[in-house]
Amino acid sequence: MYKEYRGGAAQRAAGLNQLPFDPANNNGSLQFTNTTGPQVSESALENGGESSKKRKRTNIPPADGVRNLNADSTPMGLPMSDLTAWATAMNNLGMAPMGMSGQPLLPDFDPALGMMTGIPPINPMMPGLGIVPPPIPPDMPAVKEIIHCKSCTLFPPNPNLPPPATRERPPGCKTVFVGGLPENGTEQIIVEVFEQCGEIIAIRKSKKNFCHIRFAEEFMVDKALYLSGYRIRLGSSTDKKDTGRLHVDFAQARDDLYEWECKQRMLAREERHRRRMEEERFCPPSPPPVVHYSDHECSIVAEKLKDDSKFLEAVQTLVTWIERGEVNRRSANNFYSMIQSANSHIRRLMNEKAAHEKEMEEAKEKFKLALSGILVQFEQIVAVYHSASKQKAWDHFTKAQRKNISVWCKQAEEIRNIHNDELMGIRREEEMEMSDDELEDPSETKEMEESALISQAEALKEENDSLRWQLDAYRNEVELLKREQGKVNRDEDTTRDQQLKLLQQALQGMQQHLLKLQDEYKKREAELEKVKEDKAQMETLLETLKEQQETAEEEDKERDVTDNQGNESTTYRICASSQEKEGPLEKTLSCSPVKSEREALLVGIISTFLHVHPFGASIEYICSYLQRLDTKICPTEVEALMSRLQHTFKQELSGVGASLEKRWKFCGFDGLKMT
């Protein structure tokens, strides 16, 4: 049966010495003090260590050896036969010189002076000694000494023996098993011995010389295990009933396990709460709840729907109301007005989209113009490098300068090629977009062609202006050179003449290039005029076709009337006359390369497609374009038709080896001159 022990007042009243520390709140080293005995200390054991490991006791040197207090704390053996040396060492530690049995070694020790009579005092400045002894290293084994209690004495075990075996530590263990108690031992003696380890909650003593002690904290169990192996003697009696060897081990108790499980559940709850708080902190905030429908809220939402800045919030509220089923006969008109106001925002959104698209197109145009300007500057830089690499100027540079110029030239050419490819890719994308637009709306294709020709003409104008500016710059340089010609010595006249010749050659080349550009500009203007004429002709043809369609409808009506009133002879004459009229037409069609109206339409569509692609196109590309109009068209039919019209289409081979490709080009303008 357990007996509860709270506090140490009863023990102090019984005459026990008060401890210099509080065992319930002390996690440090275990210390046992006595007014007449030596002080014993052991390094603190970690609370809650590994349960699977057994408690190990480190071996200590024999009792006839002590530690020397020098700076390195190296052990030095002192024989017990030399009592003077032993007493001197204990005097240096500030302790009374006593033997292993507790008897004083020297009777003339003066505790007030802290030194022995007849022995000179030790100078604190001597090497290896100080006023305060150095601390004991933690890895040094603790020395177990005799422990004197009020009614019993504890003798340490033999240090050469192996440490006592212990069982596996249960989780949350606060209870110890103490065996080997004397037969005459009482609970008061047990409390006197083990109360110094910590606060005792309960003791259960058995009649067979063992008991169970439950402490307040887990670390107190480790302090109690320190006493395992000690021999206990009650008073000064040598009777077997008053002696025994303590065996302290872990004990398994349901109360300890229950408290440990409660503690673990509390820690788990705290961990779950912490994780939940972290998840809630990182989760986005939930949207505000939607208000319920009422006439007042309906009027507020209707006003918000008219405001562009609050439209999104009001639309979400409107959708929620409709999904909840708030629409009925009484509120149908209100909902219809709100839906109508939501519909009115479509035009605004389309205008915003168009404005953004316009801004995007303007940004693209600015980027393209800036890129073309950069390319022009790169071309000028590359021209500078090429002119510097000519022999007349190249011979005057050093090897290092030549190397730098060649490296710079290669870098500039690579960057120029990259930018040129990027610009060509942009132009190809624009051409593809133009071809897609042609498929969608054939009436807009001509306008796109005209705009493309106009943009090309504008690009040619810009190039013409840039070339003119370059010519002006060259002329200014020539004039400056002519002005400085009189100031320079005669030796430099020859070099200036050469430079003038080079500049004149460059001017001639620029002029020729300018003339070529002007010719191309004139050709593009002529093509633009031809396109306009073709457009006018197509409009006249459309008008004539409409008139013919109207006349054909009138003739059909007249024929229906005549068929009802005529006879068989008239029908026979009409058939004969129609056969005579169709005869020459079939003859003309059979002799021409275009055999039917369908092939004529194909020729017109292919010619317009190839006119937009001046570099030509493969037969697969042409057929993919035609199959969007009519899926029955096959490549062999198209290729046979184009091969028959040699003056309208021509086939060219481009590429080398595996990249060899056949391209068809439109040559109708040249074929018209030849025929």
Side-chain angles (χ1 to χ4, degrees), residues 365 368-369 371-384 386-387 416-417 419-421 423-428 430-431 434-435 445-478 501-538 606-617 646-654 663-675:
E365 290 295 330
K368 192 166 71 173
L369 291 174
L371 194 60
S372 61
I374 291 169
L375 282 174
V376 170
Q377 295 178 11
F378 270 117
E379 291 291 343
Q380 293 175 356
I381 294 169
V382 171
V384 170
H386 285 305
S387 61
R416 181 197 61 184
N417 294 332
H419 285 282
N420 195 7
D421 294 339
L423 185 60
M424 291 300 294
I426 293 170
R427 289 179 179 174
R428 287 195 201 97
E430 290 180 353
E431 289 179 359
M434 289 170 63
S435 62
T445 54
K446 295 178 181 179
E447 296 178 359
M448 295 296 293
E449 290 175 0
E450 292 177 2
S451 62
L453 291 172
I454 291 168
S455 62
Q456 290 176 1
E458 290 177 355
L460 290 172
K461 284 181 181 179
E462 291 176 358
E463 291 180 3
N464 191 5
D465 294 336
S466 64
L467 290 172
R468 284 178 183 174
W469 296 336
Q470 291 177 9
L471 284 173
D472 294 336
Y474 283 125
R475 285 172 185 170
N476 293 330
E477 289 179 2
V478 170
K501 288 179 182 179
L502 291 173
L503 289 172
Q504 287 175 0
Q505 291 176 1
L507 286 171
Q508 290 177 1
M510 297 295 288
Q511 288 175 355
Q512 291 176 1
H513 188 58
L514 181 61
L515 293 172
K516 289 180 181 179
L517 289 174
Q518 288 178 354
D519 294 337
E520 289 181 0
Y521 178 66
K522 290 178 181 179
K523 288 180 182 179
R524 294 297 173 89
E525 285 183 348
E527 290 177 359
L528 184 60
E529 291 177 357
K530 287 180 181 179
V531 169
K532 290 180 179 179
E533 292 176 358
D534 293 338
K535 184 178 178 181
Q537 289 178 2
M538 291 295 290
I606 294 168
S607 60
T608 53
F609 178 77
L610 292 176
H611 183 66
V612 177
H613 298 78
F615 297 105
Q646 298 178 358
H647 296 289
T648 307
F649 306 105
K650 66 177 180 180
Q651 188 178 13
E652 292 182 356
L653 297 175
S654 62
R663 289 178 174 271
W664 288 90
K665 292 186 177 180
F666 177 74
C667 60
F669 298 111
D670 298 334
L672 184 64
K673 295 176 183 179
M674 293 172 63
T675 55

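In this chain, residues are counted from 1 in sequence order.
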Hey, are the side chains of [X] and [Y] touching, using non-hydrogen atoms and a 4.5 Å cut-off?
X    : Y    : value
F669 : K530 : yes
K535 : M538 : no
I606 : F649 : yes
K368 : L371 : no

Interatomic distance, [X] atom [atom1] to [Y] atom [atom2] [nearest 0.5 angstrom]:
X    : Y    : atom1 : atom2 : value
N464 : L514 : CG    : CG    : 4.5 Å
K501 : Q504 : NZ    : CD    : 9.0 Å
Q511 : L471 : CD    : CG    : 6.0 Å
E525 : L460 : CD    : CG    : 9.5 Å
S372 : E463 : OG    : CD    : 9.0 Å
L517 : E520 : CG    : CD    : 5.5 Å

For this session: Could you go through the side chain to side chain contact (heavy atoms under 4.5 Å, CB included) check for D534 and Q537 one step at a time?
Result: CA-CA 5 Å; D534 293 338; Q537 289 178 2; 4.0 Å; yes
How far apart are the closest heavy atoms of [X] and [Y], and which atoms are they?
X    : Y    : value
H611 : F666 : N-CB, 4.5 Å
L375 : R416 : CD2-O, 3.6 Å
K665 : G616 : CG-CA, 3.7 Å
Q651 : W664 : OE1-CZ2, 3.6 Å

Problem set entry | Counterpart residues, side-chain hydrogen bond (donor to acceptor under 3.5 Å, both in side chains), relative to Q646 (two or more places apart) | none
